[in-house]
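Here the structure is a predicted model, which means the values were calculated and not measured. In what follows, chains carry the letters A, B, and so on, assigned in the order in which the sequence lines appear, proteins first and then strands, with residues in each chain numbered from 1.
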Protein chains: 2
Amino acid sequence: MKEAIKTVNRSGTPAQETAWNNYVEDFRHAGHDTVDWVARYLATVAELPVQAKVKPGELLDSLPASAPERGESYAAILSDFDRLIMPAVTQWNHPRFFAYFACTGSTPAVLGEMLAAALNTNGLHWKTSPAVAELEQRTLDWLRQWMGMPEGWFGIVYDTASTTSLHAIVCAREMAVPQARREGNPPGLVLYTSEQSHSSIEKGAIAVGIGQNNVRKVPVDSAFRLRPEALAMMIEQDKAAGNRPFCVVATVGTTSTTSIDPVPQIADIAEKHGLWLHVDAAYAGAAAIVPEHRHIFAGVERAHSLVVNAHKWLLTPIDLSAFYTRRPDILRRAFSLAAEYLQPQGDPRAHDLMDYGVPLGHRFRALKLWYVMRYFGRERIEAMLRSHIQWAQKLAALVDADPRFERVAPTPLSVVCFRFKGTDDQNKAILDKVNASERFFLAHTVLNGKVVLRLAIGNLATTWKDVQEAWNLIQECA
Amino acid sequence: MKEAIKTVNRSGTPAQETAWNNYVEDFRHAGHDTVDWVARYLATVAELPVQAKVKPGELLDSLPASAPERGESYAAILSDFDRLIMPAVTQWNHPRFFAYFACTGSTPAVLGEMLAAALNTNGLHWKTSPAVAELEQRTLDWLRQWMGMPEGWFGIVYDTASTTSLHAIVCAREMAVPQARREGNPPGLVLYTSEQSHSSIEKGAIAVGIGQNNVRKVPVDSAFRLRPEALAMMIEQDKAAGNRPFCVVATVGTTSTTSIDPVPQIADIAEKHGLWLHVDAAYAGAAAIVPEHRHIFAGVERAHSLVVNAHKWLLTPIDLSAFYTRRPDILRRAFSLAAEYLQPQGDPRAHDLMDYGVPLGHRFRALKLWYVMRYFGRERIEAMLRSHIQWAQKLAALVDADPRFERVAPTPLSVVCFRFKGTDDQNKAILDKVNASERFFLAHTVLNGKVVLRLAIGNLATTWKDVQEAWNLIQECA
C-alpha cells in the first residue's frame, strides 16, 4: 500500500487510482479502529489515573531519536500511542479532573474536528472558504443569544483567551491612538486590570509593547472583585502624571476564585475617560446561558469587547476562544493591511477573516461548536451548567459545616476555594495526598498570601458522587 | 439517549452508567458513519467543484437564526453538513487546488486530530500533560533533523506562521532592548524585510507596537530576492538618523514567487549590527527535506529563529506552525511571567510551554504531526516533495515553450508564475475562465505591477496529469 501511495504522486495512471483507493481504505479501517479506541477510552476514562505519572523526559526518551525512514502501519502507531503516549497524558476529560478549569472534549466536537481536519479548508478570505466565515458568524451569534447579549456584536474565533485578549488590547490602542499603527506606541499608555485578573492580560500588554510597568493592578475587595473607586483614583493619578490611560480589562469569573468584577461601575469609569473596556469571561461566560445566573453579565453590554472560551465550560475541546466586539470597525482598522479605499469594494456580507486579527490562516473551528450546539441543544447545556453550579454550592455548604476547614472566597459559580485551618504546608500535604490517590486531580491557588485548595467542576461526565468522594478523601487526608 | 445524558449530570446512580454508555455508543455509531463519510469524500473529492459557488450570506441565511433548544441526532447534523455546509466549502484537499500554497489534510493527521480532541489534554505546564510538551519536542526535533538543521535548536508549536513571526519579533525586541518588557517600546525601533515578504511581518510589527513606518521594505533583485547591499545601506542610514535597527526577517520561499533570500549575506549584516535574524520558511522549509534542494537552507543555521508550517507542505491539516530558535532563553525571557529566581527550581527537562509564548493553553497538535511522520516516513514525504518540484519544472518548461506566454519569475520550488503576453485584463479573463470550469482553482499575484498567473503544487493526491490538464485548459482559454 505504501509503495502504491508513492505511485499516486508520480502518475495519473490506473495504478494511481488503485493506490489512492488503498490509501482511503487503509484510513477507513484505521478510522473505525480509532473510533472504537475513543469509545473504549470514554467508557473507561473514569478508571484511569487522572494525572500522568511519568518523570520529566521519560516519554521523550522512550521515543526513537529519529523519525522513521519508511512509513509504518496504523496498527503500530496506535499501539505505541496506547503504550508510550497515554501514560504521559493527564486526563483532562476525566470526571474527577477538578484542577484549573475542568472542561470536556465532548463526542460531537470530536466528530467536528475530524471533519475539519479532513476538509482542511482555510477561511483566510471569505472566498477561500465561505463556510468557515459564515458558520463561525452563525454559531457565534447563536452563542451570543444564549448568553443574552444584545444584537449586533461581531464574533470571531482565535485559539486561546490569551491571544484574544491581546487582540482586545491592540483594539484599545487603536481607539485611543490611531497613529500608533503607523508610528509605533507613544510613551505613557496605561492599562488597568485587577490584581486577580489572568496573567495573559499582563503578558498581552508586554507583547504589544506597553510594558509591564504600565499595567496597573487595581486592588480588590474582600470578595476578590476589582474596587471601582481604586480604579477611578489610579486613572486620575495617571492623568495628573501625564500618562495616557487607554484600556480597562474587567474579569467575569477570575481564575483563582471566579470572582465577578462590578462591570457596571467599571463601565461608568471607562466611559467617563473614553477607555476601551474588555471583559474577560473566558470561563464564566458560559454561565450566562443559565437564566438565574445571567446577572453575571450585568453591564457587559456596555463593554467594547468580550472573550468567552468554548473550550472551557462549553463542551468544546481546545482550542476555540470566541471574541466579541461591538466595534468590529476598530478591530478591522487595527489588523487589516488592505488600503482604506479598497474596503467598500467588497460585499459587506463577505468577511475576510484575515483582516480581523494576527493569524492569516483561519481553521474551521466553528464546525465543532456547531456540532456541540446542535447535538446537546440549549436545554442540555443549561442543565449541565446548572448542575455544576449547584454541586459547587453543595460542596461549599459541606466545607462550611466542617469546623476544621474554612471557605476563603465566595462560590458564585462552579469553583470552590477553601483551606484546612492550619499551615500552608499542611494544606499542601492534603493536596499531595489527594492527588497521589490518582483518583482525583485538584490544584491550589494562593489568596491573601495563603495556600488554598481549589476544586473546579466542569466535566460532562462528573456526577455529584465524584465531588462528594473528593470531599470525603480531603476530609480523610486532613 | 438525550434524556439519559441529562441524568449523567444529576446523579451517580446505575442510571448514570447506562446514560453514559448510551452516549458513548451513540458516538461509536456516528463515529463510524463519519469515518465512512470522510473515506467517501476522499475517494470522490477530485470530482467536486474546487471552489465553493455560494453567494455571500447564502450559507448564513440557510442556517436557523437560533440554535436548537433540544439536542438533535447525529444523522440530522451530518445530513445538514452535507446539504448546507459542503456547498460552501472550498476544497483545499482537492488534487486540482493550485491556489495560494496547495496543501493536504492527510488521513493519519485526521486520526491524530480525532484523538487529540477526544483526550482534550492541555500542555500549558509540563505537569498538566507531559505528553504534550515531550511529543512536541520529539517530533519537532525529528523535523529539524529531516531539514538538516544543526542540533540544539528549541522547537515549539503555535497556530499559524503569522503568530509565530510575531513571537520572533518580540524575541528580537527582547534581545535588543530588554528593558522594553518593563517599560514598553522605546522610540526608533526598526525592522527590515524585503518588499516580497509576507504581510504577516508588517502586521506583527504593527501589533507589537513598532509601527508600520518602522518596517523597512528592502528592494529585491530581478529574481525577487532581498538585495543585501540595499539592506546594509538602509541600516546605516537608520543608524545615522538615530534609529535603532533590531530585527531582520529573511524569507526562504516568498509567497508570490517562492524566491529565496540570500540568507548567508543577510546573516553577515545581521551579525555585524547585532540584529535578530528570523527566517520565514513557512512554505519552503519542507523542501529542505529533499537532499538536492537542501541548499535553500544555506545560512539558516546562523539565524536566531525560523518558522516552518507543517500545515503547508507537510501533509498536516491547519494548524501547526513550527517555531525554531537557538535562543530559547530569550524566548522564555520575553514571555515568561515567572520571577527569574524561580526558574532554576524546575526540572530542566520539564518545559512549561506557557512560558514560551502568548497562548497559555497548549493544544496537543504534535500528535497529528507524529502520525504523519510515522505513517508516511521520510522517504515517502521526500518523494512527494521531489515530485511536486519536478512537475513545477516540467510546467515551467511547457510555459517557456509556448510563445504566447512568459514566465515572470524563476521556479526554484513547486510554484510557477507566468503570464499571457497581453494585458492584465486578458490574464484575469484567463484566470476567471479556468476557475469557472470548476475543475481547477488558481490564484493570481502581482509582480512588477502586472497581473501574473500562479500555479502552486502541494497536494498529496495531485498527479502530473492534473497539472498538465490545468495547463491545457489555460492554453485553450488564452
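At a threshold of 4.5 Å between non-hydrogen side-chain atoms, the residues B/His198 and A/Leu360 count as touching. Looking only at side-chain heavy atoms (C-beta outward), A/Ser106 and B/Phe27 stay at 4.5 Å or farther from each other. The side-chain heavy atoms of A/Trp370 and B/Asp80, taken from C-beta on, include a pair separated by under 4.5 Å. Residues B/Leu42 and A/Val24 meet the side-chain proximity criterion, which asks for heavy atoms closer than 4.5 Å. A/Val35 places a side-chain heavy atom less than 4.5 Å from the side chain of B/Met114. At a threshold of 4.5 Å between non-hydrogen side-chain atoms, the residues B/Asn93 and A/Leu119 do not count as touching. A 4.5 Å side-chain heavy-atom check between A/Ile77 and B/Pro108 finds every atom pair outside the cut-off. Side-chain contact between B/Phe364 and A/Ile318: absent, with no pair of heavy atoms (C-beta onward) separated by less than 4.5 Å.
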Practice prompt. Begin with the C-alpha distance, continue with both residues' side-chain angles, and end with the deciding distance and a verdict on side-chain contact (heavy atoms from CB on, under 4.5 Å) for A/Arg349 and B/Leu60.
Written response: CA-CA 9 Å; A/Arg349 302 196 73 187; B/Leu60 194 67; 3.5 Å; yes
Practice prompt. Assess whether side-chain contact (heavy atoms from CB on, under 4.5 Å) is satisfied between B/Val38 and A/Leu115, documenting all intermediate values.
Written response: CA-CA 7 Å; B/Val38 170; A/Leu115 290 171; 3.9 Å; yes
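With values rounded to the nearest 0.5 angstrom, B/Ile206 atom CD1 is found 5.0 Å from A/Leu337 atom CG. Interatomic distance, B/Gln179 CD to A/Asn213 CG, rounded to the nearest 0.5 Å: 11.0 Å. Considering CH2 of A/Trp92 and CG of B/Asn122, their distance stands at 4.0 Å, rounded to 0.5 Å. For the atom pair NE2 of B/His32 and NE2 of A/His32, the computed distance is 6.5 Å after rounding to the nearest 0.5 Å. To the nearest 0.5 Å, the span separating CD on B/Gln137 from CG on A/Leu63 amounts to 10.5 Å.
The residue among B/Leu367, B/Leu78, B/Asn185, B/Thr104 with the most heavy atom pairs within less than 4.5 Å of chain A is B/Asn185. Residue with the most contacts toward chain A among B/Ser200, B/Gly377, B/Pro56: B/Pro56 (heavy-atom pairs, distance under 4.5 Å). Ranked by non-hydrogen atom pairs under 4.5 Å with chain A, the options B/Gly361, B/Gly105, B/Ala131 are led by B/Ala131. Taking chain A as the reference chain and counting heavy-atom pairs below 4.5 Å, the highest number among B/Asn21, B/Thr316, B/Val208 is found for B/Val208. Between chain A and the residues B/Gly31, B/Ala207, B/Ala350, the most heavy-atom pairs under 4.5 angstrom are made by B/Ala207. Counting heavy-atom pairs closer than 4.5 Å to chain A, the top-ranked of the candidates B/Val54, B/Ile210, B/Asp141, B/Asp36 is B/Asp36.
Heavy atoms of B/Val170 lying under 4.5 Å from chain A belong exclusively to its side chain. In this structure, no portion of A/Pro186 lies under 4.5 Å from any heavy atom of chain B. B/Ala180 touches chain A through its backbone: at least one of N, CA, C or O sits under 4.5 Å from a heavy atom, while the side chain does not. For B/Gln51, the part lying under 4.5 angstrom from a heavy atom of chain A is the side chain only. Looking at B/Tyr41, the atoms closer than 4.5 Å to chain A (heavy atoms on both sides) all sit in the side chain, from C-beta outward. Contacts between B/Leu84 and chain A at a heavy-atom distance below 4.5 Å are absent for every atom of the residue. No part of B/Pro187 comes within reach of chain A, as not one of its non-hydrogen atoms sits under 4.5 angstrom from that chain. Contact of B/Ala116 with chain A is not made at all, since no heavy-atom distance falls under 4.5 Å. The contact between B/Glu69 and chain A is made by backbone and side chain atoms together, counting heavy-atom distances below 4.5 Å.
A donor atom on one side chain and an acceptor atom on the other are not found under 3.5 Å apart for A/Tyr158 and B/Asp159. For the 3.5 Å distance criterion, the side chains of A/Thr107 and B/Tyr23 qualify, holding a donor opposite an acceptor. For the residue pair A/Ser73 / B/Tyr375, no side-chain donor-acceptor distance below 3.5 Å is found, with atom types taken as modelled. For the residue pair A/Thr463 and B/Gln16, no side-chain donor N or O sits within less than 3.5 Å of a side-chain acceptor on the partner.
A donor-acceptor contact shorter than 3.5 Å is absent between the side chain of B/Glu379 and the backbone of A/Arg70. Looking at B/Thr163, its side chain never comes within 3.5 Å of a backbone N or O of A/Pro359 through a donor-acceptor pair. Listed for the A/Glu134 side chain is a donor-acceptor partner under 3.5 Å among the backbone atoms of B/Leu59. Judged by distance alone, the side chain of B/Gln145 and the main-chain N or O of A/Ser66 form no donor-acceptor pair under 3.5 Å. The main-chain N or O of B/Leu111 is never found under 3.5 Å from a side-chain atom of A/Thr34 such that the two would form a donor-acceptor pair.
A salt bridge does not link A/Asp347 to B/Lys55: none of the charged nitrogens lies less than 4.0 Å from a carboxylate oxygen.
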